[in-house]
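Following: one structure in structure tokens, then a few remarks.
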Amino acid sequence: MLEACVFFTVLCGFFGIIFKKNLVMKIISMDIMSTGVVGYYVLVASRDGVFTPIVATGKNVAYSDPVPQAVILTAIVIGFSIQALMLVGVMKLAKDNPTLETKAIEDNNTP
């Protein structure tokens, strides 16, 4: 069930990137898709019966691997920085164009 929800989130973001014409909506759709990918990675990496490495309840307990957590944290930070960079690019385009629709920007900038 959770896999279906995560897959639906990725598909919503993917179709938003394809079908939305506004640049800000495309950026939001890309963020939704990356959220779904991070959610899927967390869903795959999670396991039952493991403990965090900082909790010492016994001698022979299974600890969770901290590497997937570090990878996901890095993916979140990189996704945020890419989103900020795209928004700066949209702000630069907004100075020269009256709208953020892709068709109007293409028409204004063709020679």
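In this text, all values refer to a predicted model and were calculated from it rather than measured experimentally.
No more than 12 heavy atoms of other residues, nucleotides or ligands sit less than 6.0 Å from atom OH of Tyr40.
Met91 and Met25 sit in two unconnected hydrophobic clusters of ILVMFWY residues. Membership requires side-chain heavy atoms under 4.5 Å apart, directly or through other members. Val38 and Leu73 fall into different hydrophobic clusters, where Ile, Leu, Val, Met, Phe, Trp and Tyr are joined by side-chain heavy atoms under 4.5 Å apart, directly or via other members. Under the 4.5 Å side-chain heavy-atom criterion for Ile, Leu, Val, Met, Phe, Trp and Tyr, Leu100 and Ile18 are members of the same hydrophobic cluster.
For the pair Lys26 and Ile17, the tightest heavy-atom approach, listed with the atom from each and the gap, is NZ-O, 2.7 Å. Residue Leu43 comes nearest to Glu3 through the heavy atom pair CD2-CG, 3.6 Å, listed as atom of the first residue, atom of the second, then distance. Looking at every heavy atom in both residues, Ile82 comes nearest to Met30 through CG2-CE, 4.2 Å.
Among the candidates Val37, Leu2, Ile72, Val6, the single residue satisfying the side chain to side chain contact (heavy atoms under 4.5 Å, CB included) test with Val42 is Ile72. With respect to Ile27, the side chain to side chain contact (heavy atoms under 4.5 Å, CB included) criterion is satisfied by exactly one of Leu87, Ile32, Asn22: Leu87. Applying side chain to side chain contact (heavy atoms under 4.5 Å, CB included) to Val90 and the options Ile105, Asn97, Val24 leaves one that passes, Val24.
Looking at heavy atoms from C-beta onward, Phe80 lies out of side-chain contact with Ile76 at the 4.5 angstrom threshold. With contacts defined as side-chain heavy-atom distances shorter than 4.5 Å, the pair Val44/Pro68 does not qualify. Considering only heavy atoms from C-beta on, Lys20 stays 4.5 Å or farther from Ile28 through its side chain.
Here Asp31 contributes atom CG and Met33 contributes atom CE; the two are 10.5 Å apart, rounded to the nearest 0.5 Å. Atom OH in Tyr41 sits 10.5 Å away from atom CD in Gln69 (nearest 0.5 Å).
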